[in-house]
Amino acid sequence: MTPTTAPSPDLTRQLAGQLRQRREELQALLHAAAGASIATKAPPDVQDFKDVAAEDTRAQVDEVAQAHAAEEVDRIAAALRRVELGTYGLCQDCGEPIDERRLRALPATPYCTACQAIHERPPLQRR
Ligand SMILES: [Zn+2]
């Protein structure tokens with residue numbers, strides 16, 4: 001058995017393909033959302049107040065969804081950069097190879113399970 005340093009080229013290619021596809025979906029979503037927020041600035045005189053309130057709530061939800069989508073696009077871009085650099089699948093903190101099952105589930109993850117746990121700890125406990 002050769003020691004694992006990174007996922008196999010086949011797996012890397014497969015996951016990179018998934019990441020590119022996911023990024024395209026997210027970018028389409030972000031573009032659609034950008035178009036929609038322009039559309040909601042149409043004159044409100046054709047709507048009653050109830051509709052306006054519903055629109056506001058939806059706009060806020062969309063903003064959160066958009067922020068998440070934008071973050072994911074960043075994570076995916078960083079992961080694809082690591083594919084090009086040949087460091088994809090290695091933890092960005094400890095440099096250890098990330099478990100293959102974890103990579104398949106979360107292809108854009110920059111950390112192994114142990115380091116992810118540290119990053120997810122609330123800031124109060126980290127100090
Ligand atoms: Zn790690």
Side-chain angles (χ1 to χ4, degrees):
M1 286 291 284
T2 48
T4 316
T5 51
S8 70
D10 276 355
L11 180 61
T12 301
R13 216 171 316 153
Q14 185 193 331
L15 295 178
Q18 284 178 21
L19 286 169
R20 286 194 190 94
Q21 200 182 340
R22 178 73 180 141
R23 182 169 63 174
E24 273 174 33
E25 282 170 16
L26 288 165
Q27 279 170 342
L29 188 143
L30 286 169
H31 287 157
S37 62
I38 291 162
T40 54
K41 287 188 184 111
D45 51 69
V46 288
Q47 300 168 314
D48 64 30
F49 285 115
K50 233 188 275 176
D51 281 347
V52 172
E55 281 292 330
D56 277 357
T57 311
R58 212 176 309 152
Q60 280 170 15
V61 171
D62 282 354
E63 260 173 48
V64 174
Q66 279 175 51
H68 284 171
E71 275 173 31
E72 197 176 342
V73 167
D74 284 350
R75 258 200 315 275
I76 291 170
L80 288 171
R81 218 159 24 234
R82 292 195 297 277
V83 171
E84 279 167 31
L85 293 170
T87 60
Y88 179 75
L90 299 177
C91 176
Q92 295 303 287
D93 258 14
C94 67
E96 291 292 318
I98 298 167
D99 187 80
E100 190 179 310
R101 279 164 306 178
R102 177 171 165 79
L103 275 182
R104 286 182 190 275
L106 301 162
T109 188
Y111 304 120
C112 70
T113 313
C115 293
Q116 181 71 49
I118 295 166
H119 282 269
E120 278 176 0
R121 221 176 272 168
L124 273 176
Q125 290 179 27
R126 214 190 285 172
R127 278 186 213 131

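Read the numbers this way: they start at 1 and go in the same order the structure lists the ligands and their atoms. Keep in mind it's a predicted model, so treat the numbers as computed, not measured.
Closest approach of Arg102 and Tyr111 over heavy atoms only: NE-O, 2.9 Å. The two residues Pro97 and Leu90 come nearest to each other via the heavy atoms CA-CD2, 3.8 Å.
By the criterion of a separation under 2.8 Å, the protein N/O/S atoms near the Zn ion (ligand 1) amount to Cys91 SG, Cys94 SG, Cys112 SG, Cys115 SG.
In this structure Arg22 satisfies the salt bridge (Lys or Arg N to Asp or Glu O under 4.0 Å) test together with Glu25, Glu72, sequence neighbours excluded.
Tracing side-chain contacts under 4.5 Å through hydrophobic residues (I, L, V, M, F, W, Y), one never reaches Val73 starting from Leu29; they form parts of separate clusters.
For the pair Glu100 and Arg104, the salt-bridge criterion is met [side-chain N within less than 4.0 Å of a carboxylate O].
Here the CG-CG distance, from Leu15 to Asp10, works out to 10.5 Å after rounding to the nearest 0.5 Å.
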